Amino acid sequence: MKVMIFIGLIVFAVALATIIQQRFLQKISVNYIALVIGIAIALVPQTNILIENFNSEVFLGLIVAPLLFFEGQRTRLYSILRSWRAIVGLTVVMIVIATIVAGLGVHAFRLSLPLSFILAAVSTPTDATATESVIHGLKLPKKISFYLKDESLFNDASGIILLNMAVEWYIHKQLHVVEAIVDFLYSAGGGILLGILIAAILVFLRQASFRSKYHLASDVRMPIEVLFFLTPFIIYFIAEEIHVSGIIAVVAAGLLHNVESERSRLTNASIFYSSHQFSQLIIDILNGVVFLLLGIIIVRSMREDVFNQQTIKAILIGIILYVANLAVHLLYCRFSPSIKGKVSSKGALIFSLGGIHGAVTFALAYTLSEMSVNIADFHLILVSEIVLILLSLIVPTIAFRFILEKDKPDLDQRKEVNRVRKAMVHYALKQMNQTSIKDFIKEVKYTVKQKELTDDQKEFRAEVYRYAFRQERNYLGKIAQQEQEYRHGFLVLYREILIAEVIFLSDEE
């Protein structure tokens, strides 16, 4: 019962954050609102007691894995294969350099080298979902967005391997570089092979179902879609069980599923659309959950802290970690042979600031509580990484306001789309489609008392609706050509018309 209350509270809090953002704070990212709500939940004893203790393995498997899988599914495999040298450089070479620079920088605080490199390794993974928070309402260059996304998809495995190597050094007082390289090749390579293998089997099963003689039966869709949404969990936990990278495995599986979706979106349009919509819902919920839990964990970690010399030291270490990662990202993007010439100096600065740390950094820090790391060192690591995460969110949120171009505000776009919606409906049916709650209640009462229509009346109503839908599409097509700046909003409105038509046709059946 307690677990159900915990899940219900978390999901409700994420939904509340979305409502607040849409109704009152459109200029602020919903993730920041979720973060504040998480802090509020942790500060109130009555709600804080309802939240289960943080478990890094569950967090990685149930939240990070599906997020990376769906992100991978939205990334074209062709783009990855075409830029594989740059991706390897960003996710292996740059991560190793960043770990060495940050580790040596932290070592200046009279920490042991093993502990310094543990701190550095935990600080390397970046979070693609967190990047969306700091560019809210701004335009991120496509090339930079591509590099940031690819880095965050694949650098987690490098961070985990480097962390394991540093922990072994910390415990056994010996550094095994060759073993670490072998472990990395096994973990990353095995993750890629396993992800592709399991994904290929699942894709084959789905495609076989589509082509069977029962493919038109409504019951066929349910197992296909359930299998699709269980895919990241199945792959992640199997990969972790055989000690290969579960993160790399789900990303590889997501990339293969992108190939399938590109080939199946018209062949199996209904299943593709419902899967896409549900996956978007899951992404939105999990993104909110990440920041909500982040707020809760920050409060719980700080609550146990006594502000003393050790805390000041941890804060300074967090600053060093952030500056070291920022500098390495900037210099590597500017001078790396695989990227040099493709990105300007301004682009390199945007790339370095866009490397946000979040969910994976927190999860890796918490895994150390289950290892032989003493309590004082674990506390130092936790506070330092919290400072790193907060700086990686706050600094670009401010800096990007001066560096990036502003996008068309969501509020302006919503107003324009609503205006066009009214004009479109007026053009098609000579009446308004926007009604108040009071009008809606009147219509509900009228509908309840309304008798069943005859077949002739239903057919006439169907003709009217089909004509109205056709007129709406024609009108929207004319307006969309005149107002290119609101093209995205008009596409959303066009999709609403098509969905309404599909729902209407389903009702007719």
Side-chain angles (χ1 to χ4, degrees), residues 1-55 58-71 74 127-137 225-226 228-230 232-233 273-300 356 358-359 362-363 393 397 409-411 413-414 417-418 436-437 440-441 489 492 495-496 499 503:
M1 187 65 181
K2 188 177 179 180
V3 174
M4 293 179 64
I5 294 174
F6 162 66
I7 295 173
L9 177 61
I10 291 296
V11 174
F12 173 77
V14 171
L16 179 63
T18 304
I19 293 171
I20 292 173
Q21 193 270 340
Q22 291 179 348
R23 297 278 292 180
F24 308 109
L25 301 170
Q26 291 93 348
K27 294 183 179 181
I28 299 176
S29 170
V30 68
N31 291 333
Y32 282 133
I33 298 173
L35 179 68
V36 172
I37 291 177
I39 292 173
I41 288 174
L43 289 174
V44 178
Q46 290 79 4
T47 52
N48 182 54
I49 198 173
L50 299 175
I51 306 299
E52 295 287 335
N53 290 328
F54 185 83
N55 184 293
V58 173
F59 183 78
L60 286 170
L62 297 185
I63 296 179
V64 176
L67 274 175
L68 291 177
F69 172 77
F70 292 127
E71 283 293 335
R74 296 182 176 194
D127 191 342
T129 60
T131 304
E132 297 297 325
S133 304
V134 301
I135 61 169
H136 183 70
E225 294 184 7
V226 168
F228 171 70
F229 293 112
L230 287 177
F233 308 109
Y273 179 75
S274 60
S275 298
H276 174 78
Q277 290 296 100
F278 193 74
S279 63
Q280 183 59 54
L281 175 64
I282 296 298
I283 289 173
D284 291 340
I285 292 174
L286 293 181
N287 279 338
V289 169
V290 166
F291 280 84
L292 194 79
L293 293 178
L294 185 61
I296 293 171
I297 294 167
I298 287 174
V299 172
R300 287 183 173 180
I356 313 300
F362 243 126
L393 288 168
T397 298
D410 288 344
L411 183 60
Q413 186 148 237
R414 289 177 195 171
V417 170
N418 284 335
S436 65
I437 295 296
F440 175 74
I441 294 173
V492 173
R495 187 161 59 242
E496 287 182 10
I499 293 172
I503 293 173

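All values reported here derive from a predicted model rather than from experimental measurement.
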| request: Just do the side chain to side chain contact (heavy atoms under 4.5 Å, CB included) check on Leu393 and Tyr32 with the steps written out, would you? | output: CA-CA 9 Å; Leu393 288 168; Tyr32 282 133; 3.9 Å; yes
Roughly how far, to the nearest 0.5 Å, is the [atom2] atom of [Y] from the [atom1] atom of [X]?
X      : Y      : atom1 : atom2 : value
Ile297 : Leu292 : CD1   : CG    : 10.0 Å
Ile10  : Leu293 : CD1   : CG    : 5.0 Å
Leu16  : Ile37  : CG    : CD1   : 4.5 Å

Return the minimal non-hydrogen interatomic distance between [X] and [Y], and the atom names on each side.
X      : Y      : result
Ile63  : Leu286 : O-CD1, 3.8 Å
Pro232 : Pro66  : CB-CA, 3.8 Å
Ala34  : Gly288 : CB-O, 3.8 Å
Thr47  : Leu9   : O-CD2, 4.2 Å
Ile41  : Ala13  : CD1-CB, 4.0 Å

| said: Using side-chain heavy atoms (C-beta onward) and a distance below 4.5 Å, is Val30 in contact with Asn287? | reply: no
| task | Step by step, work out the side chain to side chain contact (heavy atoms under 4.5 Å, CB included) result for Phe229 and Phe70. | result | CA-CA 10 Å; Phe229 293 112; Phe70 292 127; 3.8 Å; yes
| task | List the steps, then state whether side chain to side chain contact (heavy atoms under 4.5 Å, CB included) holds for Ile283 with Leu67. | result | CA-CA 6 Å; Ile283 289 173; Leu67 274 175; 4.2 Å; yes
